[in-house]
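All chains are named by letter (A, B, ...) in the order of the sequence lines, taking the proteins before the strands, and each is independently numbered beginning at 1.
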Protein chains: 2
Amino acid sequence: MDLSRQELPLYRELAERLRGELHRFAPGDYLPGELSLAARFAVNRHTLRRALDELVREGRLLRQKGKGTQVLAQPMIYPMQAGSAYTASLSAQGHGVEAVLLDRRVRPASDTEARHLQLDPGSPLLELDTLRLIDEQPVSLIRHRYCASREPLLADYRGGSLRSHLAARGLTLSRAYSLIGARLPDSEEAQRLLMPRHAPLLTVLTLSQDLAGRPVELSYSTSRADCFEYQVAP
Amino acid sequence: MDLSRQELPLYRELAERLRGELHRFAPGDYLPGELSLAARFAVNRHTLRRALDELVREGRLLRQKGKGTQVLAQPMIYPMQAGSAYTASLSAQGHGVEAVLLDRRVRPASDTEARHLQLDPGSPLLELDTLRLIDEQPVSLIRHRYCASREPLLADYRGGSLRSHLAARGLTLSRAYSLIGARLPDSEEAQRLLMPRHAPLLTVLTLSQDLAGRPVELSYSTSRADCFEYQVAP
DNA sequence: GGCGATTTGTCCGTATGTATC
DNA sequence: AGATACATACGGACAAATCGC
């Protein structure tokens, strides 16, 4: 065996070699299986796994039991200004923005939701989950909530900008208040956003109102913090 | 089927048991050796190590080769909202707020700093690093930057609220613009804030101006996201 | 839907290296 | 120098999830 270079542990050195080869894969590609990789590098599978662990921690790989190990997109930086609407403000910066409707449901409002929207507790809420992609990369998950009486306005919404969809139907919204935080994603969020579990999310709870100042929309967005910053200007 | 109980992996269950026993140690104590712990729980040493890995990732343990594994102080949770001035808004909520001056230096401004503060690139900047504690727990690190000509105003600042220190000397500041993001801490930040490396930080870059609208202060704060949320209201 | 093949996840065993005391 | 502790690396075995036939 080659024991001449003992500067780095073997698994570390392996991790470096693998890191250097990842550019040959497109994001979303699957790596060869652990056994074949271990054979190729002539190491034990555990040692190879240890090396992959490093790349998983760095957010370059995503493991799925029974399926394989997927190469993730390298993080990109999109400094952005978001005083207004998600889609519009990003499109204005020349980014390709897409919104995919994931789910739509009606459920009773919790107490805090009812308070924010000035409804009676338990009133039916219309809830829309959308995934936002920027330049084809998933960046944010947004959950919008409206009083169920708004349903006719949103019945034919399938994707794209929610703000402009509503505006085209005579409902113009503006931001009344936001609460910004950060946390780690759960497994579903990490999977939907193709991101590692340990990379932070930026979360924004926003209450929006119509021109008359009545609260209309409660939205909760979770965005990859490595792709997204939030600008506030009075 | 008979899947009434979904069992956790052994190393996870072990991690939970160990987590529950950590309170019996004082911060700084060393755990018993891995071999003796493995024997006590009747598992292989690798399985015990895997369990310890979890607690290390959570920031509860610190391993030192050849020495032992040390129990760290537990983080705690302070859900809260934070609006305008750091010290004032938090004090108003009944929290004990403290600011400790860590470092003070003068250095030339970078291009972006100069642009924000409307100075010539390379102009001398006065930079103050402070640690903010809420109810005796470190929560934020803030770096303030001013044009060096403000030095007389700040020469006798030793700690406490910077805003009120400046206001008492005739300089009233207001927030002009903020950029909010999230990231993981580096090792120094994690150490200063007594937090684990993998828990997210909320970062806020703020430009503040005087009553005449001239930019005066550029601050960059990093706060434990588990202790801190950021509220924006127009 | 079932079944086998593949792939990742967990657990154990053993040996050796290296830092600290 | 010896003992102890954590770190790395190898090996085998089986479980659990996924996919294709």
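A donor-acceptor contact under 3.5 Å is formed by the side chain of B:H46 with the base of D:dA9.
Dashed line: the shortest gap from a side-chain N or O of A:R49 to OP1 or OP2 of C:dG9 is under 4.0 Å. A sub-4.0 Å separation between OP1 or OP2 of D:dC6 and a side-chain N or O of B:T69 is present. Look at A:T47 and you'll find a side-chain N or O under 4.0 angstrom from OP1 or OP2 of D:dC10. An OP1 or OP2 oxygen of C:dA19 is reached within less than 4.0 angstrom by no side-chain nitrogen or oxygen of B:K67. An OP1 or OP2 oxygen of C:dG13 is reached within less than 4.0 angstrom by no side-chain nitrogen or oxygen of B:R45. A:N44 has a side-chain polar atom (N or O) that falls below the 4.0 Å cut-off from OP1 or OP2 of D:dG11.
A donor-acceptor contact closer than 3.5 angstrom is absent between the side chains of B:T203 and B:T222. Counted by atom type alone, A:R45 and A:T47 present zero donor-acceptor pairs between their side chains at under 3.5 Å. Between the side chains of B:T69 and B:R63, not a single donor N or O lies within less than 3.5 Å of an accepting N or O.
D:dT18 atom P lies 10 Å from atom OH of A:Y30, rounded to whole Å. Note: CG (A:L48) to C1' (D:dA9) measures 13 Å, nearest angstrom. As rounded to whole Å, 13 Å separates atom C1' of C:dT8 from atom CG of A:L61. Rounded to whole angstrom, the span from the CD atom of A:Q70 across to the C1' atom of C:dT7 amounts to 14 Å. Going from atom CZ of A:R12 over to atom P of D:dA9 covers 11 Å, rounded to whole Å. Nucleotide C:dT8 holds its P atom 14 Å from the CG atom of A:L55, rounded to whole Å. Going from atom CZ of B:R63 over to atom C1' of C:dA19 covers 15 Å, rounded to whole Å. The separation between B:E34 atom CD and D:dT4 atom C1' is 12 Å, rounded to whole Å.
Heavy atoms from other residues, nucleotides or ligands lying under 6.0 Å from CZ of A:R169 number more than 12.
Taking only side-chain atoms of A:K65, from C-beta outward, the nucleotide of D:dC6, C:dG9, D:dG11 with the closest atom is C:dG9.
Of the charged side-chain nitrogens involved, at least one lies within less than 4.0 Å of a carboxylate oxygen, so that B:R107 and B:E113 count as a salt-bridged pair.
When the nearest nucleotides of DNA chain D are assigned to A:G66 and A:R50 by heavy-atom distance, the more 5′-ward of the two goes with A:R50.
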